[in-house]
Amino acid sequence: MSLKGKRVVIIGGTSGIGLSTARAFLDQSAQVIIASRSAAKLSAAKKALGDQVDIFELDFRNEEMVADVFNKIGKFDHLVITAGEITTGRFSDLPISDAKESFENKFWGQYITVRAAVPYLNNASSITMTSGGYAKGATTLEAVNSAVEGLVRGLAVDLAPVRVNVVSPGMVDTPLFSGMPEELRQESFSKAAQHLPVGRVGKPEDIAQSYVYLAENGFTTGTVVTINGGAHLG
């Protein structure tokens, strides 16, 4: 299925995996629209991607704001959601308020976005959400990602023939790790790489191609695409 001229909305397309995904769709001659909470990041992304990209400021946890943005966008073909910050920590140490906020950010944000987007999609459309791999000692992370994947399975039936899938990335070198000291960051990546068959952690462009695949492949729905360098084999 060609993506040439198709309108693709990417929620969280301003950095890391989202930005690489926007580039990947542009490479397929799609019309790309990105939305994010940060006006500064949106401006920087538009500068990096080019004037052909449309941008919208959006907090996907805000139902009214999400509805208004999709009303402005109008009809489109494919929805990709890469946004969703999570606070991690061991179950006994993580405050319940942080756990609730993680669900608000990653589960309910995606839920609200899909619900608002559906009226603007067509029978050949796709929705691709984002979960993530299991991290030892991160119970809340596992719970949120499992909830997202369960939602995808239900939506694939409820919204058919619109296709609904989810990408589950492993450890990826993105700006999420930018707050770590460079030496510690590289040490963490090096240790993780030693346990991966591919011998390295992921890059945003590795993950981006999966979102393109799921938009293009008209016979894939209700599927979790796991891209973790073979971490599940360990």
Side-chain angles (χ1 to χ4, degrees), residues 3 6-62 65-66 69-70 73 76-86 102 104-114 116-117 125-133 141 144-145 148-149 152 164-179 201-216 224-228:
L3 293 174
K6 300 297 184 182
R7 303 188 79 210
V8 180
V9 175
I10 302 173
I11 309 299
T14 57
S15 65
I17 292 171
L19 185 63
S20 288
T21 300
R23 284 199 182 98
F25 276 103
L26 287 171
D27 288 344
Q28 299 298 315
S29 299
Q31 298 177 19
V32 174
I33 300 157
I34 59 176
S36 170
R37 275 184 280 183
S38 170
K41 287 184 177 180
L42 281 167
S43 179
K46 186 174 179 68
K47 185 176 181 180
L49 296 170
D51 291 335
Q52 70 269 38
V53 174
D54 292 321
I55 59 175
F56 288 89
E57 192 169 343
L58 173 69
D59 183 342
F60 74 164
R61 301 166 301 180
N62 185 316
M65 192 176 190
V66 172
V69 166
F70 279 112
I73 291 172
F76 67 102
D77 300 286
H78 301 286
L79 173 66
V80 172
I81 311 173
T82 64
E85 297 176 1
I86 284 186
S102 292
E104 191 73 22
N105 284 339
K106 191 162 188 179
F107 177 82
W108 286 110
Q110 296 194 75
Y111 187 108
I112 289 167
T113 300
V114 171
S125 292
S126 73
I127 297 168
T128 307
M129 300 165 71
T130 303
S131 60
L141 176 65
V144 174
N145 288 332
V148 170
E149 292 176 8
V152 164
V164 187
N165 296 287
V166 60
V167 173
S168 176
M171 180 174 279
V172 183
D173 186 357
T174 72
L176 286 175
F177 295 95
S178 61
V201 299
K203 299 177 181 178
E205 51 267 32
D206 294 325
I207 315 303
Q209 294 301 321
S210 299
Y211 294 98
V212 173
Y213 160 75
L214 290 170
E216 286 181 320
V224 180
V225 176
T226 301
I227 316 168
N228 61 12

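Heavy-atom basis, side chains included; hydrogens, waters and symmetry copies ignored.
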- Query: Checking Thr113 side chain against Gly109 main chain: does a donor-acceptor pair fall under 3.5 Å?
  - Reply: yes

- Could you pull out all residues at least two apart from Phe56 that satisfy ring-ring contact (aromatic ring centres under 6.0 Å, His included)? none

- Query: Do Ile34 and Val53 pass the side-chain contact (heavy atoms from CB on, under 4.5 Å) test, and can you show the C-alpha distance, the side-chain angles, and the key distance before you say yes or no?
  - Reply: CA-CA 7 Å; Ile34 59 176; Val53 174; 3.9 Å; yes

- Message: Checking the side chain of Thr82 only, and the main-chain atoms of Gly12 only, is there a donor and an acceptor separated by less than 3.5 Å?
- Response: yes

- Item | Minimal non-hydrogen separation, Gly13 against Ala45, with atom names | O-CB, 4.2 Å

- Item | Min side-chain heavy-atom separation Val167-Ile227 under 4.5 Å | yes

- Query: Tell me, do Asn145 and Val166 make a side-chain contact under 4.5 Å, heavy atoms counted?
  - Reply: no

- Query: Is any side-chain heavy atom of Glu205 less than 4.5 Å from a side-chain heavy atom of Arg23?
  - Reply: no

- Verdict with supporting geometry, Leu79 and Ile11, side-chain contact (heavy atoms from CB on, under 4.5 Å): CA-CA 8 Å; Leu79 173 66; Ile11 309 299; 4.0 Å; yes

- Task: Search all heavy atoms of Arg37 against all heavy atoms of Arg61 and return the closest pair with its distance.
- Result: NH1-NH2, 2.8 Å

- Note, Asp77 side chain near Val8 side chain (heavy atom, < 4.5 Å): no

- Message: Measuring from atom NZ of Lys6 to atom OG of Ser29, what distance do you get when rounded to the nearest 0.5 angstrom?
- Response: 13.0 Å

- Item | Ser168 side chain reached by Asn228 side chain, heavy atoms, under 4.5 Å | no

For a quick test of your reading: what N or O donor-acceptor pairs under 3.5 Å do the side chains of residues 206-215 make, sequence neighbours left out?
unit_1	atom_1	unit_2	atom_2	d
Asp206	OD1	Arg200	NH2	3.4
Asp206	OD2	Arg200	NH1	2.8
Asp206	OD2	Arg200	NH2	3.3
Asp206	OD2	Lys203	N	2.8
Tyr211	OH	Thr130	OG1	2.7
Tyr213	OH	Asn217	ND2	3.3
Tyr213	OH	Thr220	OG1	3.4

- Non-hydrogen side-chain atoms of Thr128 and His78 separated by less than 4.5 Å: no

- Note on the structure: side chain to side chain contact (heavy atoms under 4.5 Å, CB included) with Asp54: of Ile73, Ile33, Val32, Val9, only one passes, and it is Ile33

- Query: Between Met65 and Leu58, is any pair of side-chain heavy atoms under 4.5 Å apart?
  - Reply: yes

- Can you measure from CG (Asp59) to OG (Ser38) and round to the nearest 0.5 angstrom? 11.5 Å

- Query: Of the non-hydrogen atoms in Val66 and Ala116, which two are nearest, and what is the gap between them?
  - Reply: CG1-CB, 3.5 Å

- Message: Can you tell me how far apart CD1 (Ile55) and OG (Ser36) are? Round to the nearest 0.5 Å.
- Response: 9.5 Å

- Closest non-hydrogen atom pair, Ile10 against Gly18: CG2-O, 4.2 Å

- Query: So does Phe107 have more than 12 non-hydrogen atoms from other groups sitting under 6.0 Å from CZ?
  - Reply: yes

- Query: Closest heavy-atom contact between Glu149 and Gly132?
  - Reply: OE2-O, 4.4 Å

- Note on the structure: Taking every heavy atom of Phe60 against every heavy atom of Gln110, the minimum-distance pair comes out as CE1-N, 3.8 Å

- Message: Working to the nearest 0.5 angstrom, can you tell me the gap between Ser43 OG and Glu57 CD?
- Response: 11.0 Å

- Is any side-chain heavy atom of Leu49 less than 4.5 Å from a side-chain heavy atom of Leu19? yes

